[in-house]
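To start, the structure itself, in structure tokens.
Proteins come first, then strands; the chains are lettered A, B, ... in the order of their sequence lines, and each starts at number 1.
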Protein chains: 2
Amino acid sequence: MAVGNPTKSKSSLNASRQCRDPEVTRSQILNAAEEEFAREGFRAARTEAIAARTGVTKAKIYYYIESKEGLYRTVLERCSTELLPAIEQLNLDQLPPEQALEQFLRQFLTHTSSNPNIPPIMFLEAIQNKGKYYRDTANLLIKLVEILERGIAAGSFRPLDPRHTAVNILGTCVFYFGALENIKHLWKGKRLLSKEMLEQHTQEALNFILAGLRWQPTSP
Amino acid sequence: MAVGNPTKSKSSLNASRQCRDPEVTRSQILNAAEEEFAREGFRAARTEAIAARTGVTKAKIYYYIESKEGLYRTVLERCSTELLPAIEQLNLDQLPPEQALEQFLRQFLTHTSSNPNIPPIMFLEAIQNKGKYYRDTANLLIKLVEILERGIAAGSFRPLDPRHTAVNILGTCVFYFGALENIKHLWKGKRLLSKEMLEQHTQEALNFILAGLRWQPTSP
DNA sequence: GTCTATATAAAGATAGAC
DNA sequence: GTCTATCTTTATATAGAC
């Protein structure tokens, strides 16, 4: 196994075929696999389809990978390498809770907007495989719960259940990406992953979440 | 095809085997299929597994159904028969927007709590099949957008984008059910579908959403 | 390293006895 | 109506030529 250099370009479809650089080929396979797994999940994904997306034969795929399962694990790993470290670097513990939460959400939404395959992959992994191959989402949630607990204790946020609220917040952030095909009918003709729409989602989600945590006019 | 009487008991697993009533058998098959499709989606679901869940042979399944695809369509139809009519009956147009929204959400959350297979089925259908077999979720969203538009126009809610907000609201309601296996680690030892936890989710989601729409202390 | 051809296994669906 | 046995298709994975 040991596929891939995640830093290279990610637009995979119809990527320059017949390439001789093995590193590029590995990367192309990984990108195509990510697309396929994001649309089908592990079990329903077909190596044949991954080959077609990459623009090569099935046999060539198997020259580069160990197995479909190994490829899946590699894709999942690559999905989780960037976000958590980036969030750790923000040193959120040292910011006031409101700012910490906003920074967390901005980082998360920006990262997800740049990697819109991640939410469907995680949904499929959770639903189909019950997290057999991946459990890291929990770490994000725990970070979020900590921020909420701190903010509630400090009186910055209303008194709410931090765990349910963390789940509801994450749901607000990622549902958009998981339900693209269900919600697209609300914006006929618009591409939901365009820069414009992603910025709108980020801003609306952020406003909605922060408002949901503030003390209310009627009960201060 | 033409499977099922949706009104009968729904607990399928290990349901009384060797039953001779064809209506009961149909119902058992439908329930088992719903479970299997909710965990795997259409493509990855196996008729073999549905047979095993029902406690019968594959051949018996095929005596009662036309095909795997037909069974899937029937399951999806059954999922959508109850909620929308129930919401129509509430006559939400005639209530003030805040009350209309609260009624809508209570009905939705109650129905989802009683039918926790529906969110994963809809997630899988949207992600894997791009809504090929099902498009009704859009109707719910449209109803929600209408309520929000009315409330914004009346000044009951903050000025927000009604479509993004409808999506964010729905996300808050259903993410819990779609990501069960990702979030369960926050509540070690607790059953996330217990009556207690479902009531907590309903209440927390409701509070969170309504708070997110209200005018804020700093900008009234 | 890449291809064609193929072995092997799994899954949808059916035949035919009872 | 139900079962065992089987057909057919599809999919993972590999052999072997080039």
In whole angstroms, the gap separating P of dA10(C) from CD1 of I50(B) amounts to 19 Å
Measure from CZ on R43(A) to C1' on dT10(D) and round the result to the nearest Å.
12 Å
Can you tell me how far P of dA10(C) sits from CD of E40(B), to the nearest Å?
16 Å
Do E82(B) and H111(B) have side chains that get closer than 4.5 Å, going by heavy atoms?
yes
Show your working on side chain to side chain contact (heavy atoms under 4.5 Å, CB included) between T110(B) and T202(B) and close with a plain yes or no.
CA-CA 8 Å; T110(B) 302; T202(B) 298; 5.5 Å; no
Across the strands shown, which category fits A49(B) at heavy-atom distances under 4.0 angstrom: base, sugar-phosphate, nothing?
nothing
Which part of the nucleic acid, if any, lies within reach of A44(B) when heavy atoms closer than 4.0 Å are counted: base, sugar-phosphate only, or nothing?
nothing
Would you say a side-chain N or O of T57(B) is under 4.0 Å from OP1 or OP2 of dC3(D)?
yes
If the sugar-phosphate is the primed atoms plus P, OP1 and OP2 and the base is the rest, what is the B/S/- string for nucleotides 13-18 of chain D, using protein heavy atoms under 4.0 Å?
BB----
Between E125(A) and Y72(A), is a side-chain hydrogen bond (donor to acceptor under 3.5 Å, both in side chains) present by the stated rule, with each step listed?
CA-CA 10 Å; E125(A) 167 62 12; Y72(A) 183 60; 2.6 Å; yes
Derivation of the salt bridge (Lys or Arg N to Asp or Glu O under 4.0 Å) call for E36(B) and R39(B)
CA-CA 5 Å; E36(B) 175 72 3; R39(B) 279 159 185 74; over 6 Å; no
Let me spell it out: for each of E48(B) and Y63(A), pick the nucleotide of DNA chain C with the closest heavy atom. Which residue's pick is nearer the 5' end?
Y63(A)
Does the structure place the NZ or CZ of K68(A) under 6.0 Å from the centre of the six-membered ring of F42(A), at an angle of no more than 45° from the ring's axis?
yes
Residue of the set L141(B), T165(B), I209(B) for which side chain to side chain contact (heavy atoms under 4.5 Å, CB included) holds with L170(B):
L141(B)
Expressed in angstrom and rounded to an integer, what is the separation of Y64(B) atom OH from dA13(C) atom P?
18 Å
Measure the distance from NZ on K60(B) to P on dT2(D) and round it to the nearest whole Å.
4 Å
